[in-house]
There are 2 protein chains.
Amino acid sequence: MPKVEFRANPSPEEIKLLVDSAISSEALLTIFAHCRVYYDGRAKSELGSGDRVIIVKPDGSFLIHQSKKREPVNWQPPGSVVHVELREKPVLVSVRRKPPETLEVELEEVYLITVFHAEDYEELALTGSEAEMAELIFEQPEVIEPGFKPLYREKPVKHGIVDVLGVDSQGNIVVLELKRRRADLHAVSQLKRYVETLKEEHGNVRGILVAPSLTSGARKLLEKEGLEFRKLQPPKGGKKSRGKQLRLF
Amino acid sequence: MPKVEFRANPSPEEIKLLVDSAISSEALLTIFAHCRVYYDGRAKSELGSGDRVIIVKPDGSFLIHQSKKREPVNWQPPGSVVHVELREKPVLVSVRRKPPETLEVELEEVYLITVFHAEDYEELALTGSEAEMAELIFEQPEVIEPGFKPLYREKPVKHGIVDVLGVDSQGNIVVLELKRRRADLHAVSQLKRYVETLKEEHGNVRGILVAPSLTSGARKLLEKEGLEFRKLQPPKGGKKSRGKQLRLF
DNA sequence: TCATGCATCTCGGGA
DNA sequence: TCCCGAGGTGCATGA
C-alpha cells in the first residue's frame, strides 16, 4: 500500500468510502474542498462558502485552514469523533463530548482527497524554554545575584505556584518569576500575587522578575510595587550544546 | 487551470518547480513527505525523521503537522518568506525577519505535492465572545445589578485597560472584568490590579468579576481581596438570533 | 476530572 | 512599531 492514496473530484459515495477508510486505518485525511462550516460549542460560528484545506488526524484533531494565517479558522481538538453524512451534499461531522462541541463541514465541491498512512516516531526536541532558565538558575545561582540560594522549583503557595523560591545572602525569602520572553504587566501582577501571599506568613519577601526584557508598563508597575528585575536570556542549547560550548574553552 | 494540481513522488527538480510555481501564483502548497526539521529563532528545536504534512500559505504562514494534536509541531507565522534549496536533499527554507527566525525542512522523501489555487472571500462570524458580554451589559446594565451604570468600555488606566468602568446606585466607581469562560487566578489578579490603580485616585472602588463560573482558587482570592463575582454567560447568537428568540415569546 | 501557568503562543486594536 | 489583553486559546503537569 502506498504512503499516500488520493482521488481527484470524488463522488459523494467515494468521499464517504475514502473518509471511512482513513478513519478505520488511522490514516491522516486531507481534503481540498469548497465548503461551508458550522460550529457550536463553547462559542458558535458560521463560515460561508470558500476553498479550504481540511485535515482530520487519527487522534480526532480536525483542522480547517483558509489561505491565510497560522491558525485554523475552525477546528476540533484531539479526542473528537468524526463521520460523514450524505445529505443533499456530503457533510463531515465532528463531535466532542466534554465540553459538548460540534463541527459540521458541508462539502459543496471536493477537488482532492488524500489518505496519508503517516509513520512518525520522533518527538520535538526544543531548547530555550522557561524550564531551562530555571535549570540554569539552580546550576548557577549567581546569575541572579551573589549569595542567592534557590530552594524550590514550581512551589505551590496559597494563591498560585511560584516559579523559583529561594533566599538571598541576608536570609530574606526571594520569589523569582521567570519569563522566557519580554515580561509584561501580567507577569508583574503574577509576581506581586506570590510576594503578597508569602508576606502574609513571613516577614520581608523580595520579588524578582527574571526575563530578557520588560515592557514599559511592566517596568513602571514593577518599580511602584518595589519589585526587582534581573535580566536573563533563556539559554538556547540544552545539555548537549552546553557540553559542547564548555569544550570550546 | 484546475483548482488543485498535484504530483506524486516528484524528483528534486520537480519539487523546486512546483514549490516555486505555488509561491509565484500565490497558491496554497501542501507537501506530504518524510522529513527532518530544524528551527532557530525565539527558541530552537530539532525534529528527527518522520512522515508529516507541510502547508505553505500564500501569506507566508508555514505549518508542519504530525499525525497527532491540534498544534503544528513546527511553524512559521504569516509574513515569512520561503524558498527551496537543492542540497544533497531538497530543503524548504522559511525565513522571518523580525524577530529573526529560520525554519528548515529537509525533504528526505516526498510522497505527494499539491498546489491549491484557493479562492475564499468569506470571514468567520463568531458569537459568544467577551465583546458580546460587554454589549449585553451596556444594553441591559441590570444583569450586573439594579442601578448599575456602565460608562466606559476598554478604558485605559495607569496600569492596564479596564474592560468596563461604571458607577453603582450609590455613586461608587465599579470596575468589571469580563471572562467568557470560567475565571481563574489570573483574572482575579487582573481585576485587583485595576481596582488598586483606581483606588489611588478615587475613594472607594468596587471590583466585580463577571464570568460564567470561577475556579476554586479564584473564589478564595476574590473573597480575600474583597472583590465580587457576578455570574453571566456570554450570549450565543448575536443580534439576529436575539431577534429570533424575542419573537418566540 | 479540575486547577494552574507556559507558549517559538497567535491575533487584533490602539497609540 | 510596541503594548496590552482575548482566545472555542492548546497543552503539560500535578493534585
Side-chain angles (χ1 to χ4, degrees), chain A residues 39-45 61 68-79 96 98-103 124 126-131 133-134 154 156-157 159-163 177-187 189-190 193-194 213-220 234 236, chain B residues 39-45 61-62 68-80 96 98-103 124 126-131 133-134 154 156-157 159-163 177-187 189-190 193-194 213-220 234 236:
Chain A
Y39 155 76
D40 196 358
R42 286 168 291 177
K44 189 176 181 188
S45 72
S61 307
K68 287 176 183 172
K69 302 291 174 195
R70 201 208 78 137
E71 290 301 300
V73 63
N74 281 111
W75 71 93
Q76 206 70 296
R96 183 190 194 187
K98 188 115 202 263
E101 297 194 288
T102 305
L103 183 65
L124 190 72
L126 185 137
T127 183
S129 63
E130 185 194 283
M133 290 178 74
E154 302 272 312
V157 295
H159 302 290
I161 303 163
V162 170
D163 275 344
E177 174 57 36
L178 313 184
K179 289 295 162 198
R180 67 166 308 286
R181 59 172 186 172
R182 177 175 274 248
D184 56 14
L185 280 175
H186 172 192
S189 286
Q190 214 180 326
R193 165 153 50 95
Y194 304 142
S213 63
L214 280 180
T215 66
S216 52
R219 166 157 278 119
K220 278 199 297 186
K236 268 204 282 192
Chain B
Y39 156 74
D40 196 358
R42 287 168 290 178
K44 190 176 180 186
S45 72
S61 306
F62 194 123
K68 288 178 181 170
K69 301 293 175 191
R70 201 208 78 138
E71 290 301 299
V73 63
N74 281 111
W75 72 91
Q76 204 69 295
S80 309
R96 184 191 194 187
K98 187 119 198 258
E101 296 194 289
T102 305
L103 183 65
L124 189 73
L126 185 137
T127 183
S129 63
E130 184 195 283
M133 290 178 74
E154 301 274 312
V157 295
H159 301 291
I161 302 163
V162 169
D163 275 344
E177 174 58 35
L178 314 183
K179 289 294 163 200
R180 69 166 306 288
R181 61 174 186 173
R182 177 175 272 247
D184 56 13
L185 281 174
H186 170 192
S189 286
Q190 215 180 325
R193 165 152 50 94
Y194 304 144
S213 63
L214 279 181
T215 65
S216 50
R219 165 158 279 118
K220 278 198 296 183
K236 265 204 285 190

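Within every chain, numbering begins at 1; the chains are lettered A, B, ... in the order of the sequence lines, protein sequences first and strands thereafter.
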*Could you check B/H186, B/H159, B/R193, B/Q190 and say which one makes a side chain to side chain donor-acceptor pair (under 3.5 Å) with A/S189?*
B/R193
*Assign B/R193 to base, sugar-phosphate, or nothing according to its heavy-atom contacts below 4.0 angstrom with the strands shown.*
sugar-phosphate
*How is B/S129 classified with respect to the nucleic acid when contacts are heavy atoms under 4.0 Å: base, sugar-phosphate, or nothing?*
sugar-phosphate
*asked:* For C/dT8, does the base pair up with any side-chain atom of B/D40 as donor and acceptor (N or O, under 3.5 Å, distance only)?
replied: no
*If the C1' atom of D/dG5 is compared with that of C/dA7, how far apart are they to the nearest Å?*
15 Å
Taking only nitrogen or oxygen atoms into account, show me every contact under 3.5 Å that the protein makes with nucleotides 1-3 of chain C, one pair per line with its distance.
residue, atom, partner, partner atom, Å
C/dA3, OP1, B/R182, NH1, 2.9
C/dA3, OP1, B/S216, N, 3.2
C/dA3, OP2, B/R182, NH1, 2.8

*Can you give one letter per nucleotide of nucleotides 10-15 of chain D, going 5' to 3': B for a protein heavy atom under 4.0 Å from the base, S for sugar-phosphate only, - for none?*
SSS---
*Contact class for B/G160 (heavy atom, under 4.0 Å): base, sugar-phosphate, or nothing?*
sugar-phosphate
*asked:* Base, sugar-phosphate or nothing for A/Q76? Non-hydrogen atoms, less than 4.0 Å.
replied: base
_Suppose we screen for side chain to side chain donor-acceptor pair (under 3.5 Å). Which residues come up paired with A/T102, at least two apart in sequence or across chains?_
none
*Touch check for B/E154, heavy atoms < 4.0 angstrom, all strands: base, sugar-phosphate only, or nothing?*
nothing
*With P as the reference atom in both, quote the distance from C/dT4 to D/dG8 in angstrom, rounded to an integer.*
22 Å
*Could you check how far NE2 of A/H186 sits from P of D/dG5, rounded to whole Å?*
10 Å
*asked:* With a 4.0 Å cut-off on N to O distance, would you call B/K179 and B/D184 a salt bridge?
replied: no
_So that I can tick it off, tell me whether B/E71 and A/R70 are bridged by a salt bridge, with the cut-off set at under 4.0 angstrom between side-chain N and carboxylate O._
yes
*Would you say B/Y194 reaches D/dC4's phosphate, i.e. side-chain N/O to OP1/OP2 under 4.0 Å?*
no
*Mind checking the C1' distance from C/dG5 to D/dG7? Whole angstroms is fine.*
15 Å
_Less than 4.0 angstrom between a side-chain N/O of A/Q190 and OP1 or OP2 of C/dC6, yes or no?_
yes
*asked:* Any donor-acceptor pair, under 3.5 Å, between the side chain of A/N74 and the base of D/dG8, if you only look at N and O atoms?
replied: yes
*Please give, in whole Å, the distance from C/dT10 P to B/F62 CZ?*
15 Å
